[in-house]
Structures are given as structure tokens and as C-alpha cells.
Amino acid sequence: MLYSEKVMDHFRNPRNLGKMEDADGIGEVGNAKCGDIMKMYIKVKDGIIEDVKFNTFGCGSAIASSSMATEMIKGKPIDEALELSNKAVVEALDGLPTHKIHCSVLAEEAVKAAVKDYYDKNGIEYDEAKFAPGACPTCGDEH
């Protein structure tokens with residue numbers, strides 16, 4: 001199985017790794033049954049994601065996907081971060097093996113979960129449909 005240089009780089013040197021004590025929003029996705037669990041923390045100021053951190057328990061592709069996703073939303077308006085797709089994460093990593101695409105889906109879901117948590121904590125109204133859980137590509141469950 002071949003991984004791109006970008007996947008290997010983000011796996012070996014993950015960006016924005018760690019816990020954020022004063023996060024404005026926290027999203028946790030995945031489950032132990034799948035084997036991958038991602039936790040994403042965001043700090044929001046004036047509608048902009050000022051800082052983002054992640055902790056991922058999973059394979060190299062999951063770590064690389066989390067790392068790349070944080071890089072892609074840092075400094076961006078929340079609306080833009082919500083539009084981050086797993087496809088964009090895969091493209092930014094120069095591809096993932098087919099059986100590892102679910103890792104990029106988890107990264108997209110972790111971003112959405114963190115934003116939803118931020119909205120909930122601050123009483124901000126939002127369109128529920130944007131946050132509807134999808135079926136996990138690995139095990140078929142909704143998480």
C-alpha cells in the first residue's frame with residue numbers, strides 16, 4: 001500500500017496536534033468498533049476559526065486526515081470550514097488508498113461536530129441538515 005509524501009509528512013509531523021483546554025467547540029467522531037476516534041477542538045473569534053487542535057486515535061491515514069483538515073480550516077470563517085469536504089482533504093493529501101477514504105470522512109465530520117458544539121454552546125441557530133450524520137463508510141453505522 002503506497003501513501004503519498006503528503007500523507008507520510010502529516011502522519012510523521014502532525015500539525016495542530018494536542019488538546020485545547022479553553023476550546024469554544026469540541027467535536028468527537030468515530031467509535032472503537034471502527035478503530036478510529038477523532039476529537040477536534042476549535043477556538044472562534046469574530047466568526048473566524050482562530051485556532052484548532054486535534055487528537056486522533058487511529059491509523060496513519062486518520063492522523064494525516066485530521067492534521068490536513070485542521071490546516072485547511074485554521075484562520076477561515078466558520079461557514080467556510082463547514083464546507084470542508086472529505087474529497088478536499090483527500091485531494092490536499094494527494095490521495096488516500098480506497099479503503100482509507102473513511103478517514104477523510106471522519107475528519108470532515110469532526111470539523112462539523114466541533115462547529116455544531118460551538119453553535120449549541122452559544123445559542124446560534126443553524127440548519128440541522130448541514131450536520132446530519134452519515135453512515136460510516138467502514139462499519140455502516142451512523143456516528
Heavy-atom pair with the smallest gap, counting every atom of [X] and [Y]:
| X | Y | answer |
| --- | --- | --- |
| Gly60 | Phe11 | CA-CD1, 3.4 Å |
| Ser66 | Ala107 | N-CB, 4.3 Å |
| Glu108 | Asn86 | OE1-N, 2.7 Å |

Take Leu82 and Lys112 through the side-chain contact (heavy atoms from CB on, under 4.5 Å) test and state the conclusion after the steps. CA-CA 6 Å; Leu82 267 182; Lys112 286 183 175 165; 3.9 Å; yes
Keeping to residues at least two apart or across chains, list the salt bridge (Lys or Arg N to Asp or Glu O under 4.0 Å) pairs with something in [range].
| range | value |
| --- | --- |
| residues 59-81 | Asp51-Lys74 |
| residues 52-70 | none |
| residues 39-48 | Asp22-Lys43, Asp24-Lys43, Glu28-Lys39 |

With sequence neighbours excluded, residues passing side chain to side chain contact (heavy atoms under 4.5 Å, CB included) with [X]:
| X | value |
| --- | --- |
| Leu17 | Pro14, Phe54, Asn55 |
| Ala62 | Asp36, Met38, Thr56, Cys59, Cys103 |
| Ala81 | Ile49, Ile73, Val111 |

Is a donor from one side chain sitting under 3.5 angstrom from an acceptor on the other, for Thr70 and Asn16? yes
Side-chain donor-acceptor pairs under 3.5 Å in residues 115-129, sequence neighbours left out?
residue: Lys116; atom: NZ; partner: Asp120; partner atom: OD2; Å: 3.3
residue: Lys116; atom: NZ; partner: Tyr126; partner atom: OH; Å: 3.1
residue: Asp117; atom: OD2; partner: Ile26; partner atom: N; Å: 2.7
residue: Asp117; atom: OD2; partner: Lys121; partner atom: NZ; Å: 3.0
residue: Asp120; atom: OD1; partner: Tyr126; partner atom: OH; Å: 2.6
residue: Asn122; atom: ND2; partner: Tyr118; partner atom: O; Å: 2.8
residue: Asp127; atom: OD1; partner: Ala129; partner atom: N; Å: 3.0

Nearest 0.5 Å, what's the CG-CE distance between Leu93 and Met68?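 Between atom CG of Leu93 and atom CE of Met68 there are 4.5 Å.
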In chain order, what residues pass the salt bridge (charged side-chain N to carboxylate O under 4.0 Å, His left out) check against Glu91, with sequence neighbours excluded?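 Expected list: Lys87.
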Is there a path from [X] to [Y] through hydrophobic residues (I, L, V, M, F, W, Y) whose side chains come within less than 4.5 Å of each other?
| X | Y | result |
| --- | --- | --- |
| Val44 | Met72 | yes |
| Leu84 | Met40 | yes |
| Val89 | Ile78 | yes |

Testing Leu96, Val105, Ile101, Leu106 for side-chain contact (heavy atoms from CB on, under 4.5 Å) with Ser65, which one passes? Leu96
Any heavy-atom pair between the side chains of Asp9 and Arg15 that's under 4.5 Å?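 In contact.
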